[in-house]
Amino acid sequence: MNEKYLQYVRQKRKKIGLSIGIFIFLVALGILIFHTMESNFSFKLSNKTVYVAGYGSGDFNCDGSDDQVEINQALEYVAKNPQFSTVYLKGPNTYVISDSILIGSNTILEGDETAVVKLKDNANWPVGKPIITQIDSIGVNRVTIKGFEINGNHDKNQDKTKGQGYYNMINFLDSKNIDVHGMYMHDGHGDGLRVERSSNIKLYNNKVYKLGHDGLFAIDCLNVEAWNNRITCRTNSGLRVWNSNHVKFHDNVIDSFYHWSAGGSGVIIEKSTGIVNDVEIYNNTIHNTYGPGIWLIGYGEAYSKEEAQNVHIYQNIFYDTGTNPSIDWVGGIMTSGFYDTLIENNVFDGVYHAAVIHLYPPSSTDSYSSIIDLSPQGTGYKTIVRNNIIVNTKQRTKNPNETGYAVINYLSKTHAFVLENNCLYNNTGGNYKKAKSATDIYIDPLFVNQNKHDYHLKPNSPCIGAGYLSSDSSKELEESEKEINIGRYS
């Protein structure tokens, strides 16, 4: 009896030991599998990009028709999985779209420079429907679009009119922290980047060519900056803000496509409501524009001085601006309705009509064909023009008589110039029309190579050290160099 019991106990111990061994093995195997899966999962999480391709190598793959479907699926996946941040369009490939691409907050839409988003032929979209826009009507935050090409396919959609809100390339409302860079946007009906009631907008390092409206159009926005863009206008302007504040446009090159429909100004600063009192435009090269190089226009109901003042335009180069033969409001800088505008240390060479003009068109029309009165309602508007070089101004093409001056004031009852230490030379019509200066000089500025638009000054230039030294300029200069040059370069 005892012997049988002991044998039973020994067998049970063997079974228990075997079970424990199996259990330990399974636990170890489970731990190994778990760590392997965790490692793989962690690797996937570290790769925060979802790829879209047109040849089977992406996470989402397009076939050249209705390609917005797969792109939007990728963007929706990123929106629902916050560990992902980027949708990447692989190239070389053309993604043909028949509907808008919809992007959410905290998202990067990026692509190879050989990746092309193209509007389909005969798209027949309604007015106001953009190529890329927000997924949420209440606005988005922290969106970056970069690196690829948008082809507006203008020539295969000519049933729609340019400049009337069709096929804007990128469009955001009520949004913030929008960053668009490294893009090539071309051949469109509408704007390149259009933003309304938004803030912290950046547009830089882009090539913009032959759009149907503005390269950038910011309406009722704050903190708008555009720099290092190469823009060729077709229908309207390169850079435009309307009722927007805290604006910086700098280091851009802007011109116009030479055609009868080649548009308007290089830059437009427009105010009808709200506050526009912090705008800087500097270090740009603006040339061969159809309209003025820069147009400042304040209009609408009467407003206080503090609502439209302190636009600072400096260290820009203007040449051959104002080529449009069909309008008379052309020139270098045309302004009305702004107080205390400061235009300093620019170069104007061969512009049409005049370098700086107080003038506004008699009226304009909006997208509903309503007539808009562009006349300012106040008085006492002042523009300070100092340390600029103005040479070779030409007569405008339309109504050329009494044009070709350096400075013209057509609004002398309400607007005044303060002209200080400018260099004026070889202007067809003369130096001033309804303006005067006691400190300007009238002599060849001696550029290094004017024919090649190198406006640096030769060592013997009379403009060296001849500039007006303001109190602000004095603070910026070292104690040992209490002088400033006339022109673009120090």
Side-chain angles (χ1 to χ4, degrees), residues 149-155 158 160-171 180 183-195 203-219 224 226-242 247 249-270 281 284-297 313 316-334 348 350-353 361 364-365 367 396-398 453:
E149 176 182 335
I150 303 177
N151 180 353
N153 197 16
H154 170 271
D155 291 351
Q158 293 197 52
K160 305 299 184 185
T161 305
K162 295 187 292 293
Q164 298 299 315
Y166 291 101
Y167 311 126
N168 291 327
M169 292 189 170
I170 303 171
N171 199 165
V180 177
M183 298 290 290
Y184 175 33
M185 298 181 280
H186 65 96
D187 293 285
H189 279 73
D191 301 308
L193 171 61
R194 183 185 179 104
V195 284
L203 180 77
Y204 58 98
N205 297 343
N206 300 284
K207 181 179 179 182
V208 180
Y209 184 71
K210 287 176 62 176
L211 301 186
H213 202 234
D214 304 303
L216 165 67
F217 191 9
I219 305 169
V224 180
W227 71 96
N228 201 34
N229 299 289
R230 179 66 178 88
I231 303 174
T232 296
C233 307
R234 170 162 56 183
T235 306
N236 212 51
S237 68
L239 302 171
R240 179 183 179 186
V241 292
W242 184 14
V247 175
F249 293 159
H250 59 95
D251 299 285
N252 301 285
V253 177
I254 303 174
D255 64 0
S256 288
F257 169 69
Y258 193 78
H259 187 261
W260 67 266
S261 64
S265 310
V267 174
I268 300 178
I269 308 298
E270 186 176 359
I281 306 171
N284 302 285
T285 297
I286 303 175
H287 67 96
N288 298 97
T289 55
Y290 232 38
I294 296 175
W295 180 17
L296 277 66
I297 178 76
I313 303 171
N316 301 283
I317 292 173
F318 302 81
Y319 64 87
D320 298 322
T321 58
T323 63
N324 194 325
S326 303
I327 60 175
D328 56 12
W329 46 278
V330 298
I333 299 174
M334 186 174 76
F348 301 84
V351 304
Y352 290 83
H353 192 182
S364 181
T365 55
S367 57
R396 67 191 181 196
T397 304
K398 183 178 181 180
H453 307 293

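These values consider heavy atoms only, across backbone and side chains, with no hydrogens, waters or symmetry-generated copies.
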Give me the atom names and distance for the closest heavy-atom approach of [X] to [Y].
| X | Y | value |
| --- | --- | --- |
| Trp295 | Ser265 | CB-OG, 3.5 Å |
| Asp320 | Thr323 | O-CG2, 3.4 Å |
| Thr235 | Gly212 | CB-O, 3.1 Å |
| Thr321 | Gly293 | CB-N, 4.0 Å |
| His213 | Gly163 | CD2-CA, 3.7 Å |
| Asn252 | Phe249 | ND2-C, 3.9 Å |

Do [X] and [Y] come close enough that some side-chain heavy atom pair is under 4.5 Å?
| X | Y | answer |
| --- | --- | --- |
| Glu149 | His186 | yes |
| Ile313 | Val267 | no |
| Lys162 | Arg234 | yes |

Contacts of Lys160 that satisfy side-chain contact (heavy atoms from CB on, under 4.5 Å) - sequence neighbours left out: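 In terms of side-chain contact (heavy atoms from CB on, under 4.5 Å), with neighbours along the sequence ignored, Lys160 is linked to Asn124, Tyr166, Tyr167, His189.
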Mind running side chain to side chain donor-acceptor pair (under 3.5 Å) on Asn236 and Asp214 for me, showing each step along the way? CA-CA 5 Å; Asn236 212 51; Asp214 304 303; 2.6 Å; yes
Main chain of [Y], side chain of [X]: is a donor-acceptor contact present, judged purely on distance under 3.5 Å?
| X | Y | answer |
| --- | --- | --- |
| Asn206 | Tyr204 | yes |
| Asp191 | Asn168 | no |
| Ser237 | Ile268 | no |

Cys233: which of Asp255, Val208, Asn288, Ile254 passes side-chain contact (heavy atoms from CB on, under 4.5 Å):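 Of the listed residues Asp255, Val208, Asn288, Ile254, the side-chain contact (heavy atoms from CB on, under 4.5 Å) partner of Cys233 is Ile254.
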Sequence-distant partners of Tyr319, ring pair (Phe, Tyr, Trp, His ring centres under 6.0 Å), two or more places apart: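 Here the qualifying residues are His287, His453.
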